[in-house]
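These notes concern the structure reproduced below.
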Amino acid sequence: MKDPFAVTRATFDEVMVPTYQPAGMVPVRGEGSRLWDQQGREYIDFAGGIAVDLLGHCHPQLITALEQQAHALWHVSNVLTNEPALRLARKLIAATFADRVFFCNSGGEANEAAFKLVRRYGVDTDPAKYQIIAFDNGFHGRTLFTVSVGGSPKYSGGFGPIPGGITHLPFNDVAALESTISDKTCAVVVELLQGEGGVLPASREFVESARRLCDKHHALLVFDEVQTGMGRTGRLYAYQHYGVTPDVMTSAKGLGGGFPIAAMLCTEQVAQVLTPGSHGSTYGGNPLACAVAEAVIDIVNDAALLDGVTQRSRRLCDAVNDIGRRQGLFEPVRGLGLLLGVPMSEAWKGRAREVVAAGLRHGVWCLVAGPDVLRLAPSLIIPEADLDEGVRRLDAACAELVEQNKTAIA
Ligand code: PLP
């Protein structure tokens, strides 16, 4: 008899709210940088669950951390604190500029906490000091506040009135920031590498100017490191490349290596505006999540591992640039560490999704960052052999597309 609960990709269209359009294959197992689907086909993972699976799939040390915690304590709420949360907070503080940590469950929630904090900080000094300055094409999450601070109207539109007091400026435009910021600004919110916006790095001059202008106007500088944090760029946090310290920073995605957890980190002085009851989260600081994240930071905050990110980045950039030159699909690769954007060439503009689909046919999973940029965010410890095999499959996928294109034109 047919199992009435057997599921395939087609089930998605019957049972899920249609917020996503997942690809055709359904993965059932992962190990390191490889995935297997329901049919047993194997894929090299260059997507890392959108820059989340820092240590690949089912890393033995993360499994041990999760299993040990699963036998000890799962959940107690924030009416009580717990040891994994306190240890993780200590480790994050020791490794960054921060003095205080607030735990939650996703990047959007971490930014929601950050934006509420900066607003409280501003209006405590002057009721009119509530302007948040953010940047075009920035992405900060999907809550109503975070889509509003995000710089893409396509995400914030269609939900009725959105929170006000938010100004968007062109990214990397120092003059625009200088002429807009004032004593009524409570915060400037920056992604050091715009991830969803096309893997675009902030310039050093822009980041340094943002710090200087925030200081001048007593505004807080917020770095959204949801996508760039936890070693993704070859430093524990991307701000460490710039030598510019924020007042508030958010971290998620890689923090739990695939287990949902996020954090908002800030300085002592700033933290004091969020008094008991002013913000919270039932699951924030959950012992299971914190135990896994503690294992992640123990592994990732290591000079040899971070050097390995830079080496892998070079190898991957060189190989993809080579594909781009030979096949004519790509412009030179940009990004930092293992968060790489591969812009489509003029002739292939708007067709990044086709590369992802062809990649899946050839057994490699990549991402897009908008219609014009292919995005690669593999595990930070992807073995050289898997990296090379993934590149070989991507090359074959590109060759297929070029061939199909010739036939279509002929
Ligand atoms: N901020 C940045 C920079 C992101 O890239 C993302 C997700 O892509 C978010 C925030 C939102 O994170 P989440 O989807 O975990 O809410």
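For ligands, and for the atoms within them, numbers begin at 1 and follow the listed sequence. The model shown is predicted, which means the values in this text are computed figures rather than measured ones.
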Would T143 and T146 count as having a side-chain donor-acceptor pair, cut-off 3.5 Å? yes
Counterpart residues, salt bridge (charged side-chain N to carboxylate O under 4.0 Å, His left out), relative to D386 (two or more places apart): R34
Would you give the length of the straight line joining atom OG1 of T8 to atom CG of D13, rounded to the nearest 0.5 angstrom? 9.0 Å
Looking at R212 and E178, does any basic side-chain N land under 4.0 Å from a carboxylate oxygen? yes
Students should find this: residues with any non-hydrogen atom under 4.0 Å from ligand 1. What is the answer? S106, G107, G108, N111, F139, H140, G141, E191, E196, D224, V226, Q227, K253
With a 4.0 Å cut-off, would you call E225 and R232 a salt bridge? no
May I ask you to check whether T245 and Y239 show a side-chain donor-acceptor distance below 3.5 Å? no
